[in-house]
Amino acid sequence: MTNPHFSYEVTHICKQSGARLGVLHTPHGDIPTPIYMPVGTSACVKAMTSREMEEIGTKILLSNTYHLHLRPGEELIREAGGLHRFMDWPHPILTDSGGFQVFSLAGIRKIKEEGVTFQSHLDGSRKFISPEVSMDIQQALGSDIAMAFDVCSPYPCDYKTAKEAMERTHRWAERCKEHHTREDQALFGIVQGAFYEDLRIESAKALSDMDFIGYGIGGLSVGEPKPVMYEMLDKIRPYMPEGKPRYLMGVGSPDCLIEGVIRGIDMFDCVLATRIARNGSIFTHRGRVVIKNGKYAHDFSPMDEACDCYACTHYSRAYVRHLFNAKEITAGRLASIHNLRFLLRMMEEIREAIAEDRLLDYRKEFYERYDLTKNF
RNA sequence: UCCUCAGUAGCUCAAUGGCAGAGCAUUCGGCUGUUAACCGAAGGGUUGUAGGUUCGAGCCCUACCUGGGGAG
């Protein structure tokens, strides 16, 4: 199936690692892959303005069907002229389907074949989202990429439950495809199957047969050890369509980005960078730093001397630490600017490394300088 | 000078005569398709001082010290 608004081309394959370099063309611009997508759940990357998002090099960002449906509602956003205009982001947007919210808000929902009934976390009112409803909402929002409404299973998860969740995800994927009509919006299917190799492979094959424009890999990074996630990626890789973008959903620590790209992933999104930023932690080229710690009270060097972001070129650790200490709202803003820039720049480096066939060297250099066990 | 009230964790305050606590602050940790500017943990005390009563005193009694209020 061809769509005039979307195409994905692989431009280079790293001879050293097999990782791919590509470009995803969308109605709001081209996206170089592999790419990291900052998350703006409620039509806003927390603490950031769209101008700042552009300045740090964001190519595409994420928003969320579930949250925008509850507030302010997709009709208001349609009235505003669509999500791009509403939030002043003229570049690509991907919307998550709400499937993950159904999973993470467990306890106040009931999943049936038809769809999910749940209580709004905002006012307790009864709501219903089905594959069709999710498609309607995402089409009203007008994102460039819509995600299928899936069933995410937990970790650990027994085989029967995982299989049922996967099979329902497949049936729902068909319904999403059936109901999705907007040509200027790409629909991605989502591979599930928990942590069972055969289910993951079965899911990858089933989704491939449905011929989506791109594929999410869901249900990972839900509490399992990293090697377990990496193993799943290795297992399904041969069964993922070669000419389509692969999106590892919800993964975005620096080490996971590299490991994911090496395993053939093209797209990532993650709240980690912005969440830990607001809570006083930052990424640096040497590892994670809890910048609110007392030991930085007199440290007048930048958060990361190797960083080119606005925060690092203008402010010191002591200053940012003071802002956290004083509960100034700018603390979370500066840390967010930095953490997002850190990941975006790292992805730029990864793309360069792929182009120069030296991604394994890049990974080696990364682990030599980036201490996963200590904070500095 | 007298009367009166009050002195408990860095701060503001709890605690029938029966294991001395909370909130905030401090320190440290966690955070992966955001219900998160959030959540968790730890450190911190000769209960103003000195005596007394009591099996047992932060609490009751005496004196003193410090501070607030009042009278003169």
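Numbers restart at 1 for each chain; the letters A, B, ... are given by sequence-line order, proteins then strands.
With hydrogens and angles ignored, the 3.5 Å screen pairs a side-chain donor or acceptor of Arg369(A) with a backbone N or O of His285(A). Listed for the Gln16(A) side chain is a donor-acceptor partner under 3.5 Å among the backbone atoms of Asp361(A).
Using N1 to N3 plus N6-O4 or O6-N4 for Watson-Crick, or N1-O2 and O6-N3 for G-U wobble, each under 3.5 Å, rA20(B) pairs with nothing. Both distances falling under 3.5 Å, in either a Watson-Crick or a G-U wobble arrangement, place rG51(B) opposite rC61(B). Using Watson-Crick or G-U wobble geometry with both donor-acceptor distances under 3.5 Å, rG67(B) finds its partner in rC5(B). Using the Watson-Crick or G-U wobble rule with both distances under 3.5 Å, rA41(B) pairs with rU27(B).
We find that CG of Asp96(A) is positioned 13 Å from C1' of rU32(B), with the value rounded to whole Å. Separating the CZ atom of Phe283(A) from the C1' atom of rC31(B) is a distance of 10 Å, rounded to the nearest angstrom. In this structure, the NZ atom of Lys327(A) is 11 Å from the C1' atom of rU26(B), given to the nearest Å. Distance Ile276(A) CD1 to rU34(B) P: 16 Å, rounded to the nearest Å. Atom CZ of Arg275(A) and atom C1' of rG29(B) are 16 Å apart (whole Å). Between the CG atom of Asp123(A) and the P atom of rU35(B) there is a distance of 16 Å, given to the nearest Å. At whole-Å resolution of the value, CG in Asn64(A) and P in rU32(B) are 16 Å apart. Across the protein-nucleic acid pair, Leu340(A) atom CG and rU34(B) atom C1' stand 13 Å apart, rounded to whole Å.
Spacing of C1' atoms, rU46(B) relative to rA9(B), comes out at 14 Å, to the nearest Å. Only the P atoms considered, rA57(B) is 11 Å distant from rU53(B), to the nearest whole Å. rG51(B) and rC11(B) are spaced 26 Å apart, taking the P atom of each and rounding to whole Å. Going from the C1' atom of rU54(B) to that of rC61(B) covers 12 Å, rounded to whole Å. Between rG21(B) and rG72(B), the two P atoms lie 47 Å apart (nearest whole Å). When the P atom is used for both rA20(B) and rC59(B), the distance is 13 Å, rounded to whole Å. Separation of the C1' atoms belonging to rA22(B) and rC31(B) is 27 Å when rounded to the nearest angstrom. If you take atom C1' in rA42(B) and the same atom in rU35(B), they sit 28 Å apart, rounded to whole Å.
The base of rC31(B) sits with one of its N or O atoms less than 3.5 Å from a complementary donor or acceptor on the side chain of Asn279(A). Looking at Ser42(A), its side chain has no donor and acceptor atom pair within 3.5 Å of the base of rU34(B).
Closest contact between the side chain of Lys292(A) and the listed nucleotides rG30(B), rU34(B), rU27(B) involves rG30(B). Which of rA37(B), rU32(B), rU34(B) sits closest to the side chain of Ile329(A) comes down to rA37(B). Side chain of Phe100(A), nearest nucleotide from rG33(B), rG30(B), rU35(B): rG33(B). In this structure, the nucleotide among rU35(B), rG33(B), rC31(B) sitting nearest to the side chain of Ser97(A) is rG33(B). Closest contact between the side chain of Cys256(A) and the listed nucleotides rU27(B), rU32(B), rG29(B) involves rU32(B). Across rU26(B), rU32(B), rC31(B), the shortest atom-to-atom separation from the side chain of Val251(A) is found for rU32(B). Among the nucleotides rG33(B), rU32(B), rU34(B), the one closest to any side-chain atom of Gln101(A) is rU34(B).
Using a 4.0 Å heavy-atom distance criterion, Leu62(A) is classed as a sugar-phosphate-only contact. Among the heavy atoms of the strands lying under 4.0 Å from Arg288(A) is at least one base atom, whether or not backbone atoms are also near. Residue Gly219(A) is in base contact, counting any heavy-atom pair closer than 4.0 Å across all strands shown. As judged by a 4.0 angstrom heavy-atom cut-off over every strand, Asp150(A) is placed among the base-contacting residues. At the heavy-atom level, Gly252(A) lies under 4.0 Å from base atoms of the strands shown.
For the side-chain contact (heavy atoms from CB on, under 4.5 Å) test with Met249(A), the passing option among Leu220(A), Asp96(A), Val191(A) is Asp96(A); the others fail.
Between Ser104(A) and rU35(B) there is a side-chain polar atom (N or O) within less than 4.0 angstrom of OP1 or OP2.
Salt bridge status for Glu356(A) with Arg358(A): present, with a side-chain N to carboxylate O gap under 4.0 Å. With salt bridges taken as basic N to acidic carboxylate O contacts below 4.0 Å, one links Glu368(A) and Lys364(A). The existence of a salt bridge linking Glu52(A) and Arg341(A) is excluded, since no basic side-chain nitrogen approaches an acidic carboxylate oxygen closer than 4.0 Å.
Between Phe103(A) and Arg321(A), the residue anchored nearer the 5' end of RNA chain B, judged by the nucleotide with its closest heavy atom, is Arg321(A).
Proximity of the aromatic rings of His314(A) and Tyr319(A) is defined here by a centroid distance below 6.0 angstrom, and this criterion is not met. Two rings, from Tyr310(A) and Tyr315(A), have their centers less than 6.0 Å apart.
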